[in-house]
Structure formats: C-alpha cells, structure tokens
K.L.:
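Pasting a structure here, questions to come.
The residues of the chain are indexed from 1 along the displayed sequence.
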Amino acid sequence: MRRPVLPLDEEVKKEWIDWQQVAQKTALVSGIFTLLLFSFLVVNHINLNADDPLQTTQLIAYKQQLAEDSSNEELKETIRDIDSALRIQLFDRYHKQTVGGRVLAVSLAIFFLSLRIAWMNKPLPPEPGPDPHKAQEHRREMRLGRRAVFALILVMCCFTVVLSATVKRDAPNYVDPDAVEEPSEPVIPTWDALLAQWPSFRGAGANAVVNVPKWAQQWTKETARWHEQISLDGLNSPIIWNNKLFVTGAIEAQRYIYCINIKTGKTAWKYRVKDVPLSPSEHPATEDWTGYAAPTAACDGNNVYAVFANGDMVAVNMDGELQWAMNTGFEGNMYGFSASLAIYDAFVYVQVDQAEGSFMMAIDSLSGKVAWEQDRDYAGSWGSPSLFVDGDTALVVTTGNPDVVAYDAKTGDIKWKHELFSGDVAPTPISANGIIYVCNMACPLAAIKPDGTILWKNEDGSWPDTSSPVTDGEHIWLLDAMGTLTCVQCSDGKKVYEESLEGDFVTSPTIVNNELLMISDKGVVYVVDKSPTFKINRTFESGIPMKASPTFDKSGNMYLRSSKDVYCIGAQ
C-alpha cells in the first residue's frame, strides 16, 4: 500500500511498517546474492563445456603408461578408480548447475518484486498537488522505469535459459582400460605386448597357456554369449587384438579376412583378397579336410596378416584396408598349405614346405618386403613356426622331415638343427622356462636348450601326429588323434601317465589356470586336472564340432571357430 501523505502521530508510527525500507534492503541483499550466484554459474558453465573435463594430466599420464604396458592390471585398476572419482565430481557439478539455475530464478524474482514494492511505497508529492508538468514528467519516469525493469527481467531470463540449454548433460563416454585404441601411427610391438594379446596360432610363442580370473565351467552353443556366422569355411583359429577378433575363410575362387567385434559379436568388416601379384592361375592341389584357409592369421596391432592355400598373402590394417599383397610361392604338397603365421618385432614368418623348393622367410610387416629367406631341403611338413624369446635370444623354431631347425629371428641365420623326425610332421614346437620341446608321431619327444643342446629324448610314447603339445614348465601333455593323453616330466622326459579319452582329436590342448582343456572333433569337452595324477574334473557335450584350437581373451572369454560359425563362450 502507499504511504499516507499526512504526518503520522506517535501511536501510528509504532504500528506502521516502513515497506519501502524493507523492500530496499531486500532488493539490495537479493541483488548481491543474484550477482554472485550468476557469476558462479557462468564460471561453472565454462568449465563444464571444456573439451574433456575427465582428461586430467594425471589420467592422461597413466593412460600413456598403459599403452606401453597393456597387461598391467594394477595400473588399469588405478585408472578405473580415478575415472570413477572424476565422474562423481563431474555429476556433482552438473547437479549444482541445475539447482543453481533454479535458485537464480527465485532470487531474480525476489529482487524484482522487492524493487516493485519499494517503488509502490515511494511517498507522494506534498499537497496542494503536483504541478501538471511535473506530474506528466513523473508519469513518464515511472513508465520508463517499468519498461527498464521488464527489459532487464527478459534479458536475464533469456540468458538463464541459454545458459541452461548449453550445459553438457552427459558425461564423456567411459574408456575401458582393457579397450586400448589402436595407435594412429605404426608401432612395432614388444614381445611383452604380443604376450598380452592372442596375436597368432595358440597365442604368442604357440604355447596355449592361459591365466585368467575365471572361465566357463560348462557350455553349449545355446549358452554362448554370442554366435556369428561368416560366409566361408576355414580350419584356422581365431586371433585377438584388443577388441577385434580375426578369422579367415576361403573356397578355391574366393578368400576373405573377417573382423568381429568381441564385445558385440558382430562382423565389423570383411576384406576380399583378390588381384594379388603373381597369384597362380591354377590353384595348388589341396585335400578336402585341409581346405583353403587352414593357416591361422597373425596380428601386431598395426595390421592383420593372412595367408591362404594358393600362397596368396596380404596385410590389411585394423580398419580393413589393404597395406600390401604378395604370393609366397607355394606350389603344392601332399595335403595342402596349413602352416600358420608367426610374428615377432617387425617380422611376419612364413614356413613354406612343399614337394620341391621349400623355404623359410621373414617379411617386413610394414612394407611387405622379404627381410630374409632360407632354403629348406624338406619335401613337406604341416607344422607352424614358433617363436622362442628369452632376453636377447630370439629364435624361430621349425620342424620338418628330418630336422628341427632354429633360425635367428632377425637375420635368418641357422643357429642349430637336429635330425629327429621322419614321416609327415605336423605338431608345432612349444617352450617353457627357457627350454624348447618338439615331437612327432613315431619320433622322439625332445627337450632342447636355446644353444641347441639336447637335454633328453623320449621315444617311448604315443606322441601326436596333428595336434601340438602343451606344458606348464613342470609337465608336458600330449594328445594324439585317437584320444591318447600322455603326461611326461619336463625335467627328464619320463612318462607320468598315459590315459585314453573317447573321440578323435585334431585341436590342440590348452592349459587354463590349473586345468587342461581338450575338445574332440564332435565337440565333446574334457577338462583334466593339471597335476601328475590323471583326473577328469568334468566332461560334457558342447554341441560345437571342433577342428580349430580355442582362443582366450584377458577376461577369460573363450572363442571357438567351428567351420563357418564363431562362438564366444563367456567367462563364468
């Protein structure tokens, strides 16, 4: 209400509230509060709209360390903790921004309401009344004042709406430390980096030893985490680099590389191999059970490398783009080409054993040029080369009829060879604790030091003709095609036990934590205790026929290739 014009007596003054003074003080306090709150919201708005509020200097440094040492679980846990703390802080700031905007609206309303009340309680001019000209001027001032107040209210409201609308509501996507992005420029992986992935047949070194937090105890194709079907068949095993799985498939007239996202199980891309220089016009003879895509591919994080039964070999980058192509010169042998690729440093290794003109070569992984090549006087073999790396010693170990041969991985020089074998040679060499182990059906099982010294030989056992052995450094397990499982001691080669499993076996056994995994051609699974005493922990029918050895990622998920089907068996 308006203040009365007449003077107030003392009794009235005691009961009268000076609304103009109250409104003025309220406007002053609310105005200062509004100004401070508005400044805070503007600063917080600028910070929230920074490029990436979660990328602190410390977190960036840790991620750079992780790129160099991707297997450091302690560092991964530290990154997760820091990321979680930063996100809590970020969402707290989002909440403050939202609440602050509402409080700002209320404080603005109080401020303008207080101004209005103060104006309404402004004293009227004294009697006998205002001069007509002064009254007109007074009304004009009041009209301009109201317009100015309304304009200020409109500007502040619009600015508040714009400020609220442009705040980032969603936090930046979470970066899983296990999902390290591929580098934009080629990086030659260290041996430790290769060991942290599954880059080639049976993993780096072809040893098939897995240590994971947990893995599936039992499965069927119906309980698989995902199942993806590709267009062409192949006997090769899956390989994995970070979140990408690679397999190949082929028929006589077509050859493909497939990339599958291991998180979603969907094919990310497929590349058709064609127009390879010097590719033969007639396909070399190939047995039906070997097929046209028996060799397992290899990957170094820059490219995936694949070779096929006609000798065509290509390098395709992680996005499915061709980097180079060549024909290895394979002309044919008794069963077809099945030697998988091996990888180390800047080299991809190809073993070509054929009816005539066998050779071993290393190819520069980035350029596709032959780095070194050695002739081999062996008519045919079907095992894959494996890497033995111990300190400064890096050997490519191969088997054939009649020799096991060790090449210097970088120069190709023959370091040593021993005449141990006869017949068709297929098992791939393995190693543990600085010792190399080789075997073949009806031939010795031998332990060899890196300098070529033979520690022992055992010729009294049912050694495999197709699958490769596995060792934990204390014992070696060997599984032949008829299901005979033999365990020997690493120290002296003495047999510990020899037991029979039902079924036919082409896949190689795998050590998973403290158990030995074996899968028959028809998909019957045997899980045997990893101990000197034969004990079947469990056996079951998976319903997934198997001729390709299984693959694991760092979380314990298992990947099975069965003809055109690829399955992910989730860790349990």
Side-chain angles (χ1 to χ4, degrees), residues 64 67-71 180-207 239-242 244 246 248 257 259 271 273 276-277 295-307 311-329 339-352 359-374 376 384-398 405-415 428-429 431 450:
Q64 289 174 346
E68 298 173 358
D69 183 12
S70 59
S71 62
V180 182
E181 295 182 358
E182 289 82 18
S184 57
E185 297 296 329
V187 176
I188 303 303
T190 63
W191 182 243
D192 286 340
L194 291 171
L195 289 172
Q197 305 284 345
W198 198 283
S200 53
F201 176 60
R202 305 185 79 209
N207 292 315
I239 61 170
I240 292 176
W241 194 277
N242 291 335
K244 294 180 177 180
F246 303 97
T248 67
I257 301 173
C259 174
Y271 176 81
V273 179
V276 175
T296 297
C299 183
D300 60 3
N302 301 310
N303 304 314
V304 55
Y305 310 92
V307 66
D312 283 356
M313 181 175 177
V314 296
V316 177
N317 70 14
M318 305 299 280
D319 296 319
E321 300 166 340
L322 180 66
Q323 302 303 296
W324 52 259
M326 64 178 293
N327 187 273
T328 61
S340 298
L341 300 176
I343 194 162
Y344 170 74
D345 198 64
F347 305 102
V348 183
Y349 301 95
V350 188
Q351 180 179 340
V352 181
F359 58 91
M360 178 72 202
M361 68 177 175
I363 301 173
D364 184 285
S365 59
L366 299 182
S367 69
K369 296 180 179 179
V370 176
W372 57 258
E373 183 175 331
Q374 286 280 7
R376 290 166 61 86
S384 302
S386 67
L387 267 297
F388 172 86
V389 180
D390 187 6
D392 296 332
T393 301
L395 303 175
V396 183
V397 185
T398 67
V405 185
Y407 302 90
D408 185 288
K410 293 189 176 182
T411 66
D413 295 338
I414 296 177
K415 307 301 288 186
T428 296
S431 61

K.L.:
Quick one: closest heavy-atom pair of P277 and A325, and the distance?
P.N.:
CD-O, 4.0 Å
K.L.:
Go through T398 and Y349 one step at a time and tell me if the side-chain contact (heavy atoms from CB on, under 4.5 Å) criterion holds.
P.N.:
CA-CA 11 Å; T398 67; Y349 301 95; over 6 Å; no
K.L.:
Could you tell me if the side chain of N302 sits less than 4.5 Å from the side chain of Q323, heavy atoms only?
P.N.:
no
K.L.:
Measure across S384 and P429 and return the closest heavy-atom pair with its distance rounded to 0.1 Å.
P.N.:
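Minimum heavy-atom contact is O-CD, 3.7 Å.
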K.L.:
A339 and Q351: which non-hydrogen atoms are nearest, and at how many Å?
P.N.:
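Between these two residues, the closest heavy atoms are CB-O, 3.5 Å.
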K.L.:
Show your reasoning for whether side-chain contact (heavy atoms from CB on, under 4.5 Å) applies to M361 and T328.
P.N.:
CA-CA 9 Å; M361 68 177 175; T328 61; 3.8 Å; yes
K.L.:
Measure the spacing between CG of N242 and CE of M318 and express it to the nearest 0.5 Å.
P.N.:
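So the CG of N242 and the CE of M318 are separated by 7.0 Å.
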K.L.:
Would you mind reporting whether Q197 and C299 have side-chain heavy atoms less than 4.5 Å apart?
P.N.:
no
K.L.:
With side chains defined as the heavy atoms from C-beta onward, is the minimum distance between L194 and W241 less than 4.5 Å?
P.N.:
yes
K.L.:
Could you check whether any side-chain heavy atom of K244 comes within less than 4.5 Å of a side-chain heavy atom of D319, counting everything from C-beta outward?
P.N.:
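A side-chain contact exists here, since the closest heavy-atom pair is under 4.5 Å.
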K.L.:
Quick check against the 3.5 Å criterion: does T296 have a side-chain atom that pairs as donor or acceptor with the backbone of S340?
P.N.:
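Not at all, since once roles are kept as given, no pair shorter than 3.5 Å links the two residues.
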K.L.:
Which heavy atom of K415 sits nearest a heavy atom of D408, and at what distance?
P.N.:
CG-N, 3.7 Å
K.L.:
Given side-chain contact (heavy atoms from CB on, under 4.5 Å), test V348 with M313 step by step and report yes or no.
P.N.:
CA-CA 11 Å; V348 183; M313 181 175 177; 3.6 Å; yes
K.L.:
Once rounded to the nearest 0.5 Å, what's the spacing between atom NZ of K410 and atom CG of D345?
P.N.:
4.5 Å
K.L.:
Does the side-chain contact (heavy atoms from CB on, under 4.5 Å) test come out yes or no for S431 and N207, once each step is laid out?
P.N.:
CA-CA 7 Å; S431 61; N207 292 315; 3.8 Å; yes
K.L.:
State, yes or no, whether a side-chain contact exists between Y271 and E321 at a heavy-atom distance under 4.5 Å.
P.N.:
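Not touching, per the 4.5 Å side-chain cut-off.
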K.L.:
Quick check for you: to the nearest 0.5 Å, what is the distance between Y344 atom OH and I188 atom CD1?
P.N.:
11.5 Å
K.L.:
Using only atom types and a distance under 3.5 Å, with no angle test, would you say the side chain of S200 pairs donor to acceptor with the backbone of I343?
P.N.:
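Not confirmed, S200 side chain does not pair with I343 backbone.
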K.L.:
In Å and rounded to the nearest 0.5 Å, what is the CZ to OH distance from R376 to Y407?
P.N.:
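Reported value, rounded in 0.5 Å steps: 4.0 Å.
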K.L.:
What are the two closest heavy atoms between P295 and T248, and how far apart are they?
P.N.:
O-OG1, 4.1 Å
K.L.:
Of all the heavy-atom pairs spanning F347 and A371, show the shortest one and how long it is.
P.N.:
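Between these two residues, the closest heavy atoms are CE2-CB, 3.5 Å.
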K.L.:
Hey, what do you get for CG (L195) to CG (L387), rounding to the nearest 0.5 Å?
P.N.:
10.0 Å
K.L.:
Roughly how far apart are Y305 OH and D300 CG, rounded to 0.5 Å?
P.N.:
3.5 Å
K.L.:
We want to know whether N327 and D312 form a side-chain donor-acceptor pair, criterion being a heavy-atom distance below 3.5 angstrom.
P.N.:
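Present: a donor and an acceptor within the cut-off.
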